[in-house]
There are 2 protein chains.
Amino acid sequence: MLTELHARVKKHLRENDVRYSTGRQKFIAALHAAGGPRSATHLHTSELDDVPLSSLYRTLTVLENVGVLERTHDGDGVAMFELGEWLLGHHHHLICTSCDIVTDIDLGNDLENAVAEISATVAASHGFTMTGHTLDVLGLCEDCG
Amino acid sequence: MLTELHARVKKHLRENDVRYSTGRQKFIAALHAAGGPRSATHLHTSELDDVPLSSLYRTLTVLENVGVLERTHDGDGVAMFELGEWLLGHHHHLICTSCDIVTDIDLGNDLENAVAEISATVAASHGFTMTGHTLDVLGLCEDCG
DNA sequence: TTAATAATGAGAATGGCTATCATTATACAT
DNA sequence: ATGTATAATGATAGCCATTCTCATTATTAA
Ligand SMILES: [Mn+2]
Ligand SMILES: [Mn+2]
Ligand SMILES: [Zn+2]
Ligand SMILES: [Zn+2]
């Protein structure tokens with residue numbers, strides 16, 4: 001629910017002495033509606049065309065620094081932004097190699113535990129201290145397939 | 001073995017009417033020694049400091065276009081290059097969030113099959129046509145941990 | 001209301017990467 | 001071997017996503 005998301009972000013920002021301005025609220029709403037990570041250009045052309053790119057990028061950086069956003073990169077190295085895991089929950093991605101749209105997916109408890117255990121096993125066997133994992137499924141989305 | 005790698009790349013390039021020049025051979029040798037994907041800057045400063053960056057980038061593009069290299073991106077969106085899967089075999093990555101070094105790992109048949117099956121299952125349940133998967137383990141490498 | 005501080009917007013600057021083009025090296029036919 | 005066609009190289013300029021600067025505006029709190 002968007003109202004609850006706003007409340008959680010607002011509280012988090014207040015704790016970090018960062019203001020939840022109108023522009024930042026519009027931005028969070030746009031990302032909430034997206035259903036997956038989106039690039040600055042995508043957000044700018046689709047939802048936030050009245051916000052200057054310099055302001056949009058600064059908003060992204062500010063919210064990332066405080067942990068509200070996470071930054072990834074698409075196949076061309078362009079930055080993509082989504083809500084942090086503590087807001088969205090742990091999940092994975094379907095990446096369409098044709099239209100480049102990324103969709104959030106939840107594995108469910110059984111599959112998620114299996115992935116976590118596999119990751120932990122292989123990390124341990126290499127003397128690696130695991131803090132997380134990423135599983136992306138590549139292919140064609142329902143529209144492109 | 002490096003000699004065999006050179007032979008396979010040479011054959012592949014010949015079939016695509018691309019020459020396996022001395023510079024390209026040095027580049028393949030450097031990547032072979034790396035043990036994981038590396039950025040153009042990393043390769044330039046460590047192994048190939050006498051090769052101009054413009055030539056290095058062109059080499060990367062040419063070898064990627066013909067399928068000898070695959071391009072990914074690190075946490076800052078900087079391009080990383082590694083040998084294609086048909087040369088290196090399917091594998092996954094340990095990504096150190098401290099020093100940013102990426103290490104190739106092989107899951108072994110059992111774990112690999114499990115990951116592939118999980119990916120296929122979740123793809124199917126979303127009407128997604130899977131063509132591949134990526135599993136990265138994040139954390140601290142043996143040196144940084 | 002005022003003073004202090006934070007957010008915004010316009011534009012310049014940065015940096016990784018690519019395009020251009022003249023020069024040099026390689027392959028192949030003669 | 002020699003010449004010719006074509007590909008590779010290197011210096012440089014250009015591109016574009018992103019960040020920085022700084023003057024202006026909005027928000028907070030005394
Ligand atoms: Mn996501
Ligand atoms: Mn690899
Ligand atoms: Zn698609
Ligand atoms: Zn490390």
Side-chain angles (χ1 to χ4, degrees), chain A residues 6 9-31 37-66 68-82 100 102, chain B residues 6 9-30 37-66 68-82 100:
Chain A
H6 277 314
V9 172
K10 182 176 186 174
K11 180 180 176 223
H12 186 80
L13 292 186
R14 174 158 294 151
E15 291 168 357
N16 288 82
D17 299 310
V18 173
R19 296 178 188 168
Y20 198 33
S21 61
T22 310
R24 289 168 184 171
Q25 291 174 39
K26 283 201 305 180
F27 176 80
I28 291 293
L31 254 194
R38 296 292 181 264
S39 69
T41 303
H42 180 100
L43 293 165
H44 185 248
T45 56
S46 66
E47 302 268 350
L48 306 166
D49 52 338
D50 53 333
V51 180
L53 269 178
S54 63
S55 301
L56 180 51
Y57 274 112
R58 182 155 19 77
T59 297
L60 291 163
T61 303
V62 168
L63 294 181
E64 183 195 12
N65 286 338
V66 81
V68 169
L69 294 186
E70 288 175 17
R71 182 187 303 238
T72 55
H73 295 274
D74 70 5
D76 294 321
V78 177
M80 316 272 285
F81 298 88
E82 66 178 334
D100 289 328
V102 181
Chain B
H6 277 314
V9 173
K10 182 175 186 175
K11 180 179 177 227
H12 186 80
L13 292 186
R14 174 158 295 150
E15 290 168 358
N16 288 81
D17 299 311
V18 173
R19 296 177 187 168
Y20 198 35
S21 61
T22 310
R24 289 168 183 171
Q25 291 175 38
K26 282 202 303 182
F27 176 81
I28 292 292
R38 296 291 181 266
S39 70
T41 303
H42 181 101
L43 292 165
H44 185 249
T45 57
S46 66
E47 302 268 349
L48 306 167
D49 54 337
D50 53 334
V51 180
L53 270 177
S54 64
S55 300
L56 180 51
Y57 274 112
R58 181 156 19 76
T59 297
L60 291 163
T61 302
V62 168
L63 294 181
E64 182 194 15
N65 286 337
V66 80
V68 170
L69 294 186
E70 288 174 19
R71 182 187 303 237
T72 55
H73 295 273
D74 69 6
D76 294 321
V78 176
M80 316 271 286
F81 299 88
E82 66 178 333
D100 289 328

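Chain identifiers are assigned alphabetically (A, B, ...) following the order of the sequence lines, protein sequences preceding nucleic acid strands; residue numbering begins at 1 within each chain.
- When rounded to the nearest whole Å, the span between CG of B:Asn65 and C1' of D:dA8 equals 15 Å.
- For residues 48-64 of chain A, the pairs satisfying salt bridge (Lys or Arg N to Asp or Glu O under 4.0 Å) are A:Lys26-A:Asp50, A:Glu64-A:Arg71, with sequence neighbours left out.
- If you measure from atom CD of B:Gln25 to atom P of C:dA25, you get 16 Å, rounded to the nearest angstrom.
- For the segment residues 9-24 of chain A, the set of residues with a heavy atom within less than 4.0 Å of an atom of DNA chain D comprises A:Arg19, in numerical order.
- The side chain to side chain donor-acceptor pair (under 3.5 Å) analysis of residues 13-22 of chain B, with sequence neighbours excluded, yields the pairs B:His6-B:Tyr20.
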**Item:** side-chain contact (heavy atoms from CB on, under 4.5 Å) between A:Val18 and A:Arg24, worked out
**Value:** CA-CA 11 Å; A:Val18 173; A:Arg24 289 168 184 171; 3.4 Å; yes
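- A rotation axis mapping the C1' atoms of four pairs onto the next four is fitted at both ends of the helix from C:dT1-D:dA30 to C:dT30-D:dA1 over five pairs, and the angle between these axes is 30° to 10 degrees.
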**Request:** Walk me through it: do A:Leu63 and A:Phe81 pass the test side-chain contact (heavy atoms from CB on, under 4.5 Å)?
**Result:** CA-CA 10 Å; A:Leu63 294 181; A:Phe81 298 88; over 6 Å; no
Can you give me the N/O atom pairs linking the protein to nucleotides 19-23 of chain D at distances under 3.5 Å, or say none if there are none?
| from | atom 1 | to | atom 2 | distance (Å) |
| --- | --- | --- | --- | --- |
| D:dT19 | OP1 | A:Arg71 | NH1 | 3.3 |

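- When the ring pair (Phe, Tyr, Trp, His ring centres under 6.0 Å) test is applied to B:His44, no partner is found at least two apart in sequence or on another chain.
- Remark: A:Asp76 pairs with A:Asp74, A:Val78 by the side chain to side chain contact (heavy atoms under 4.5 Å, CB included) rule, at least two apart or across chains.
- Comparing B:Val78 and A:Asp50, the nucleotide of DNA chain C nearest to each residue sits closer to the 5' end for A:Asp50.
- In this entry the distance linking NE2 of B:His44 with P of C:dG16 reads 12 Å, nearest Å.
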**Message:** Determine whether B:Val51 and B:Thr59 satisfy the following criterion, side-chain contact (heavy atoms from CB on, under 4.5 Å), listing intermediate values before the conclusion.
**Reply:** CA-CA 10 Å; B:Val51 180; B:Thr59 297; 6.0 Å; no
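- Under the 4.5 Å side-chain criterion, counting only non-hydrogen atoms from C-beta, B:Leu56 is in contact with B:Leu53.
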**Asked** Are A:Val102 and A:Thr72 close enough, and set up right, to give a side-chain contact (heavy atoms from CB on, under 4.5 Å), and what steps lead you there?
**Response** CA-CA 11 Å; A:Val102 181; A:Thr72 55; over 6 Å; no
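- Here D:dT18 presents its C1' atom at 15 Å from NE2 of B:His73, a figure rounded to the nearest Å.
- Atom NZ of A:Lys26 and atom P of C:dA7 are 17 Å apart (whole Å).
- For B:Leu60 and C:dG16, the CG to C1' distance is 12 Å, given to the nearest whole Å.
- Regarding B:Arg38, its CZ atom lies at a distance of 19 Å from the C1' atom of C:dG16, rounded to whole Å.
- Atom-to-atom, CG of B:Asp74 to P of C:dG15 comes out at 16 Å; the value is rounded to the nearest Å.
- Every residue two or more places apart in sequence or in another chain was checked for a ring pair (Phe, Tyr, Trp, His ring centres under 6.0 Å) with A:His42, and none qualifies.
- Applying the side chain to side chain contact (heavy atoms under 4.5 Å, CB included) rule to A:Glu82 yields the partners A:Pro37, A:Leu88, A:His91, A:His93, A:Asp104; only residues at least two apart in sequence or on another chain are considered.
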